[in-house]
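Reading through the structure tokens given below for one structure.
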Amino acid sequence: MRVRFAPSPTGHLHIGGARTALFNYLLAKKHNGTFILRIEDTDEDRSTAESTRSIFESMLWLGLNWDEGAMPDNKEKGAYGPYVQSVREAQGIYRKYADQLVREGNAFHCYCSPEELEESRRKALTEKRDPVYDGRCRRLTGDQRGAFEAQGRKPVVRFMMPKDGAVGWADLVHKEMKFENKVLSDFIIQKASGYPTYNFACVIDDHLMEITHVIRGDDHISNTPLQVHLYAAFGWQVPELGHLSMILGPDGTRLSKRHGATSVGEYRTQGYLPETMRNYLALLGWSNPESQQLFKKGELEEKFDLKGCQKSPAIFDPVKLDWMNGEYIRTLSREEFVGATGPYMDQFGLNVPLSGVPRADIVALEQEKCKLLAELPAKVEFFFKDPVYDQAAVDSTLKKPEVPAILKGVKEAYCALPEFKDVQIEAATRAFAKAGGFKAGQVFHPVRVALSGRTDGPTLFKMIEYLGKEESLKRLDKALALV
RNA sequence: GCCCCCUUCGUCUAGCGGUUAGGACGCUGCCCUUUCAAGGCAGAGAUCAGGGGUUCGAAUCCCCUAGGGGGCGCCA
């Protein structure tokens, strides 16, 4: 089995592309096949080297390592190269096959200008007719061609579509698919610039690279009949074809920028783990009979199956994504978590806590409840700089008549502590509460707000320990001044 | 306008002629608990888009309708 992911480098790798790449990758792993990365940069205007670089980076981050194909720094690996279509074009690969089709009468030169085509397309639409190419250049005489050439026109090459009959294929996810030829038009296979179009280059390369299974998005369904015609014209075997359902935004329309983050890179910077993205994306349009949600390392590769692919589109659910990221964050070792959060802490300059304890100790306090790495700095900031008192917390917790006495008492108790560790702090706090006739929570809550400025936070006595004696006493005074 | 695809809890989905229509996220309640999470338990939530058939029996098979999505580029 040989499968490929063939992005066009006109932007970052987005969620839909990543899902397609993932499914191809999983399929290859499952069947011990080869996963190929081919760059389809036949859009001369929009393709950029920066996009290619960005796509590589996202693929690698997701762990979708490919066995063959284009590689960073203009390198490649594999015996079926080159794997970049612009490079293949420069070698004349596509022209050779386009010439063959013309020679054999399956394609023809068309001299219509883009403007002329656009005009007849618009006219057809306003007259509520199908905007299909009318075949006007199909049978040009030598004189007519000469006249066009004399005008300086450069022809495109069009495929000669049969007027009757139909094409079809047994789609791996949709089952039988069929299109009447009469609704298909003489599509362009080679642009005036000599570059191949997507539909043409794709077929030539899939054949030459001996791709056995083409798995791509549903948005390619209407291209498929054209491609099937091409395979037939060359007498080539059509690979297995499968079309994955689209990924939609929460409002049911195609996922786009207005739904929020759409590129893999954006999710990365927000602090989602690659494992989360792989697992979540796998569940969009695929499931196994057990409706299993979480997959251990290597388990997806083992369990993935095209049979579990959904035909209907799936709506991307950021809430479930967050839940899943929390699940994966909890599976990280303390060291992994600390390492992963490092850049986020650095970004806010949270390097050395006021008490001087290791930053890792502080960070580790939050691992259990962290859903997004990027939200960590805000949760632990008060260990590094003066707390920002949340007004709602102050009002609800500190504005009680008994609070001044409590804070004062706690301060005295802490002052007297020879060793400032969580066990001693807890004992002292409880002893004070008992002596003063307070319920534990009655004391704990104001102390938390006084020290951190918030009602939520890490486990209290570890928090106080890591804050340090000096800083804790200082903040108790500060809070006292507030009430 | 034409072509194609899709339709089970709010969302992701299981189901493949006979099920109390199952799971997950989210939601509600309880337990745990110094807070927030996490965890445990319990619960609400789908007359299977609607309408016709076929059948003893339909979410499952067929037809129609509606809604949604995709495409109709010298973009991919």
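Chain naming here is simple, since letters A, B, ... match the order of the sequence lines and numbering starts at 1 in each.
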ask   = Rounding to a whole Å, what distance do you find between A:Q292:CD and B:A24:P?
value = 12 Å

query = Hey, does the side chain of A:D186 reach the backbone of A:G135 with a donor-acceptor pair shorter than 3.5 angstrom?
reply = no

key: Rounded distance (Å) that lies between atom P of B:C36 and atom CZ of A:F382   = 15 Å

key: Nearest to side-chain heavy atoms of A:K369, which nucleotide of B:C2, B:A37, B:G10   = B:A37

ask   = At under 4.0 Å between heavy atoms, what does A:R430 touch on the DNA or RNA strands: base, sugar-phosphate, or nothing?
value = sugar-phosphate

key: Aromatic A:F382 / basic A:R454 pairing, under 6.0 angstrom, 45° off normal   = no

query = Hey, is the main chain of A:A450 close enough, under 3.5 Å, to the side chain of A:Y389 for a donor-acceptor pair?
reply = yes

For atom CZ of A:F295 and atom P of B:A24, their distance in whole Å = 14 Å

request  = Under 4.0 Å between any heavy atoms, over every strand shown, what does A:M177 touch: base, sugar-phosphate, or nothing? Just pick one.
outcome  = sugar-phosphate

First of A:E290 and A:S312 reached from the 5' end of RNA chain B, by closest nucleotide = A:S312

query = Any side-chain N or O of A:Q367 under 4.0 Å from OP1/OP2 of B:A37?
reply = no

ask   = In whole Å, what separates the P atom of B:C36 from that of B:C31?
value = 13 Å

inquiry  = Counting only Watson-Crick pairs (N1-N3 plus N6-O4 or O6-N4) and G-U wobbles (N1-O2, O6-N3), all under 3.5 Å, who is the partner of B:U65?
reply    = B:A49

task = Could you give the distance separating B:A49 and B:U35 at their P atoms, to the nearest angstrom?
result = 46 Å

query = Taking atom CD of A:E119 as the centre, does the number of heavy atoms from other residues, nucleotides or ligands within less than 6.0 Å exceed 12?
reply = no

key: Spacing of A:Y280 atom OH relative to B:U11 atom P, expressed in whole Å   = 12 Å

task = Provide, to the nearest angstrom, the distance between the CD atom belonging to A:E180 and the C1' atom belonging to B:C3.
result = 10 Å

ask   = Taking the P atom of each, how far is B:A37 from B:U28, in whole Å?
value = 11 Å

query = For the side chain of A:K400 and the backbone of A:P446, is there at least one donor-acceptor N/O pair under 3.5 Å apart?
reply = no

inquiry  = What I want to find out is whether A:R475 reaches A:E471 closely enough, with some N-O distance under 4.0 Å, to be called a salt bridge.
reply    = yes

For the student: nearest non-hydrogen atoms of A:R334 and A:Q367, plus distance = CA-OE1, 3.9 Å

ask   = What distance, rounded to whole Å, do you find between the two P atoms, one in B:U33 and one in B:A24?
value = 26 Å

message = Are more than 12 heavy atoms, taken from residues, nucleotides or ligands other than A:K175, located less than 6.0 Å from that residue's NZ atom?
response = no

inquiry  = Does A:L460 reach a base, just sugar-phosphate, or nothing at all? Heavy atoms under 4.0 Å.
reply    = base

query = So which of A:F23, A:F295, A:Y280 actually passes ring pair (Phe, Tyr, Trp, His ring centres under 6.0 Å) with A:W286?
reply = A:F295

note = The Watson-Crick or G-U wobble partner of B:A24, with both key distances under 3.5 Å, is B:U11

inquiry  = How many whole angstroms separate atom CZ of A:R216 from atom P of B:C5?
reply    = 16 Å

query = Does anything in residues 436-458 of chain A reach RNA chain B, meaning a heavy atom under 4.0 Å, and if so which residues?
reply = A:F444, A:H445, A:R448, A:T455, A:D456, A:G457, A:P458

ask   = For atom P, what is the distance between B:G15 and B:U60, given to the nearest Å?
value = 15 Å

message = Roughly how many Å apart are B:G23 and B:C32, using the C1' atom of each and rounding to a whole number?
response = 26 Å

query = A:D218 pairs by side-chain hydrogen bond (donor to acceptor under 3.5 Å, both in side chains) with which of A:H243, A:H174, A:K311?
reply = A:H174

query = Counting any heavy atom closer than 4.0 Å, what does A:G285 reach on the DNA or RNA strands: base, sugar-phosphate only, or nothing?
reply = sugar-phosphate

ask   = Are A:F148 and A:L140 side-chain neighbours, meaning at least one heavy-atom pair lies under 4.5 Å?
value = yes

Among B:A37, B:U34, B:U11, the one nearest A:F461 by side-chain distance = B:U34

query = Does a side-chain heavy-atom distance below 4.5 Å link A:M277 with A:L62?
reply = yes

Collect all protein-nucleotide pairs involving nucleotides 39-43 of chain B in which both atoms are nitrogen or oxygen and the distance is under 3.5 Å.
{"unit_1": "B:G39", "atom_1": "OP1", "unit_2": "A:E327", "atom_2": "OE2", "d": "3.3"}

message = Please verify the inter-ring angle class for A:F56 with A:W66; under 30° counts as parallel, over 60° as perpendicular, anything in between as tilted.
response = parallel

query = Under 4.0 angstrom, heavy atoms only, what part of the nucleic acid is A:Q310 near: base, sugar-phosphate, or nothing?
reply = sugar-phosphate

message = What does the B/S/- profile of nucleotides 68-76 of chain B look like, 5' to 3', with a 4.0 Å heavy-atom cutoff to protein?
response = -SSSBSBBB

message = For A:D456, is there an ion pair with A:K369 - N to carboxylate O distance below 4.0 angstrom?
response = no

key: Given B:C25, B:U13, B:C36, the nucleotide with the shortest approach to the side chain of A:A314   = B:U13

inquiry  = Please report the distance, rounded to the nearest Å, between CD1 in A:I425 and C1' in B:U34.
reply    = 14 Å

Distance, C1' atom - from B:A38 to B:C12, rounded to whole angstrom = 23 Å

inquiry  = Should the side chain of A:T459 and the base of B:U34 be counted as holding a donor-acceptor pair, with the cut-off at 3.5 Å?
reply    = yes

ask   = Does B:G29 have a Watson-Crick or wobble mate here (both distances under 3.5 Å), and if so which one?
value = B:C41

query = Are OP1 or OP2 of B:C5 and a side-chain N or O of A:K311 less than 4.0 angstrom apart?
reply = no

note = A:K320 atom NZ is separated from B:C25 atom P, nearest whole Å, by 7 Å

Euclidean distance for C1', B:U65 against B:C6 (whole angstrom) = 15 Å

